[in-house]
Amino acid sequence: MADPGGGAVCNGTLHSQNKDCHSENGTVREAQQNGNSNFYKPIVESFEEAPLYAVILTYMGYGIGTLFGYLRDFLRNLGIEKCNAAVEREEQKDFVPLYQNFENFYTRNLYMRVRDNWNRPICSAPGALFDVMERVSDDYNWTFRFTGRIIKDVINMGSYNFLGLAAKYDESMRTVKDVLETYGLGVSSTRQEMGTLDKHKELEDLVSKFLNVEAAMVFGMGFATNSMNIPALVGKGCLILSDELNHASLVLGARLSGATIRIFKHNNMQSLEKLLRDAVIYGQPRTHRAWKKILILVEGIYSMEGSIVHLPQIVALKKKYKAYLYIDEAHSIGSVGPSGRGVVEFFGMDPRDVDVCMGTFTKSFGASGGYIAGRKDLVDYLRVHSHSAAYATSMSPPIAEQIIRSMKFIMGLDGTTQE
Ligand SMILES: Cc1ncc(COP(=O)(O)O)c(C=O)c1O
């Protein structure tokens with residue numbers, strides 16, 4: 001799949017690079033002229049466009065649904081139509097509304113019509129096929145009741161079990177069962193107190209070996225890995241440059257940090273370079289002091305669009321402007337690159353070019369939790385300063401074992417690979 005540095009990504013597949021493809025970015029061209037051309041080759045992505053009629057019909061349906069929504073809300077206000085959604089209590093009618101916002105309107109009037117297609121409880125492992133609990137609604141999707149019937153072997157189009165490792169295989173799950181029996185399920189303490197187990201050490205050593213970095217630290221939740229560690233790295237007087245399509249956990253972490261946040265257009269190097277240049281020239285607003293730190297936040301593969309980060313260009317820019325790079329590989333680690341080591345490997349780059357490597361174990365590894373990896377100093381710093389290390393319980397041992405088993409499987413170290 002990989003064509004490090006020399007390929008174009010089209011609809012998720014790599015195609016050989018057209019000679020006419022040129023760099024859109026001065027930095028890239030400059031880097032190419034500096035003789036490091038393979039490293040800085042541009043990435044060209046193309047995405048299938050929805051047909052015009054589909055776009056028009058979708059917007060029309062949305063518009064009609066919204067109009068009917070207003071009509072129904074009007075009827076609800078008159079008491080003609082019943083509303084089962086959260087509404088203000090009668091005795092609090094003169095309060096500022098707690099529930100009235102657009103999201104609520106959308107949920108009540110548009111989502112409710114199609115709700116039976118979503119949130120379907122499943123009752124088996126999330127493999128390629130899974131079992132779904134049958135449910136029916138007697139009140140137009142406001143509430144559901146289970147019939148007790150199980151719909152077997154439904155095609156799973158919704159889980160992010162990229163490599164199928166979340167599905168149950170009797171023999172390979174044995175080690176997870178053994179760990180469960182030895183350690184139990186919960187650790188009941190934080191990493192900084194009594195919550196660091198030999199299993200965590202084993203996993204962290206394996207993660208750093210897998211990523212080819214000096215050290216790694218694991219956390220019990222992927223979302224919290226971003227939201228609790230970004231504030232440990234940046235704060236007031238620092239600047240975060242964030243891709244506009246970054247995941248909510250990165251956005252929350254950035255906001256919690258208290259740093260100034262500026263958004264650049266998705267994967268757009270001109271937009272990023274302009275922000276970097278302005279940041280270096282003008283410094284902080286009002287005082288014009290230099291920013292204490294500049295941190296660029298990006299993802300490896302963007303979760304909603306499936307686009308890939310333009311890593312070589314971003315690394316070139318971060319070096320030029322002396323900024324730090326934080327990359328969230330939730331969707332790329334384990335599944336991108338010749339041996340699954342993510343976008344850094346995909347582009348044939350050096351892991352040391354990324355200051356903070358972050359990823360989650362929920363997608364390719366069929367488990368839960370996240371990691372931060374990179375230089376030993378960075379990881380040692382987070383062991384002391386991360387809110388997650390101090391205040392959140394550490395990763396469950398059977399989960400750690402599931403990640404170890406999945407990672408060894410990807411690395412060919414699980415004993416099933418023949419020489
Ligand atoms: C890019 C990205 N980062 C972080 C997360 C949060 O990870 P988790 O679901 O493991 O908590 C997600 C979740 O989908 C994600 O897409």
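As a basis for the values below, the full set of heavy atoms in this structure was taken, side chains included, without hydrogen atoms, waters or symmetry mates. In listed order, ligands and their atoms are each counted from 1.
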Check for me whether Arg135 meets the cation-pi criterion with Phe144, that is, NZ or CZ under 6.0 Å from the six-membered ring centre and within 45 degrees of the ring axis. yes
Using the side-chain hydrogen bond (donor to acceptor under 3.5 Å, both in side chains) rule, take Asn226 and Asp328 through it: C-alpha gap first, then chi angles, then the decisive distance, then the call. CA-CA 8 Å; Asn226 279 333; Asp328 175 343; 2.8 Å; yes
What I want to check is whether the side chains of Asp198 and Tyr183 have a donor and an acceptor closer together than 3.5 Å. yes
Which residues pass the salt bridge (charged side-chain N to carboxylate O under 4.0 Å, His left out) test with Lys152, not counting sequence neighbours? Asp131
Could Lys199 and Glu202 be called an ion pair, given the rule that one side-chain N must be under 4.0 Å from one carboxylate O? yes
Distance dump, ligand 1 polar atoms to protein, N/O, under 3.5 Å:
unit_1, atom_1, unit_2, atom_2, d
ligand 1, 3 (N), Asp328, OD2, 2.6
ligand 1, 10 (O), Thr362, OG1, 2.6
ligand 1, 11 (O), Gly222, N, 3.4
ligand 1, 11 (O), Phe223, N, 2.8
ligand 1, 14 (O), Lys363, NZ, 2.7
ligand 1, 16 (O), His331, NE2, 2.8

Just wondering, do Asp116 and Ser137 contact through their side chains at under 4.5 Å, heavy atoms? no
